[in-house]
Amino acid sequence: MGRCRDSDFQGAGTNTAIQDVVSAFDHAHRGEPKGVMPGTGSFIDLRPHGVPAAGLDIGAQVTALGDLRLTVPAMRWLAAHQVNRIHLP
């Protein structure tokens with residue numbers, strides 16, 4: 001089971017790490033993958049250029065660092081700036 005470590009959910013901009021296994025991809029309007037959904041029910045936004053840079057696939061271990069936001073209904077949305085020790089452009 002994955003872990004979500006966060007020290008503060010009070011506002012956007014908190015530096016958070018999500019560690020889990022990739023269970024699905026989210027795709028942009030043009031069809032390119034733009035993020036991953038780990039088993040924790042969170043969403044990790046990598047932007048279209050971040051998915052190939054990170055080299056992720058279904059079932060791959062992912063550790064992402066970024067800014068945490070909460071969506072409705074209380075889903076964790078992470079704007080990643082680093083995935084598996086790779087800094088995203």
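Positions are given from 1 along the sequence.
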Between [X] and [Y], what is the shortest heavy-atom contact and its length?
X   : Y   : value
H81 : G66 : CD2-CA, 3.3 Å
G41 : M75 : O-CG, 3.4 Å
A60 : L56 : CB-CD2, 4.4 Å
F25 : V51 : CE2-CG1, 3.9 Å
A80 : L88 : O-CD1, 3.8 Å

Do the side chain of [X] and the main chain of [Y] share a donor and acceptor less than 3.5 angstrom apart?
X   : Y   : value
N84 : Q61 : yes
S23 : M37 : yes
D20 : T40 : yes

* May I ask you to test the V21-V62 pair for a side-chain heavy-atom distance under 4.5 Å? => no
* Asked: Within a strict 4.5 Å, meaning less than it, do heavy atoms of the T16 and D67 side chains meet?
  -> no
* Any residue meeting side-chain hydrogen bond (donor to acceptor under 3.5 Å, both in side chains) with H87, in chain and number order, not counting sequence neighbours -> none
* Structure fact -> Apart from I86 itself, its cluster of hydrophobic side chains linked below 4.5 Å comprises none
* Pairs meeting criterion salt bridge (Lys or Arg N to Asp or Glu O under 4.0 Å) with involvement of residues 21-34, two or more places apart -> D26-K34
* Please, which pairs that meet salt bridge (Lys or Arg N to Asp or Glu O under 4.0 Å) have at least one residue in residues 41-65, sequence neighbours excluded? -> none
* Linked, directly or transitively: F43 and L68 (ILVMFWY side chains, under 4.5 Å) -> no
* Asked: Is it the case that one hydrophobic cluster holds both W77 and L65, taking links as side-chain heavy atoms less than 4.5 Å apart, direct or via other members?
  -> no
* To do: Calculate, to the nearest 0.5 Å, the distance between atoms CZ and CD1 belonging to R76 and I44 respectively.
  => 11.5 Å
* Going from CD1 on I18 to OG1 on T63, what distance comes out if it is rounded to the nearest 0.5 angstrom? -> 10.5 Å
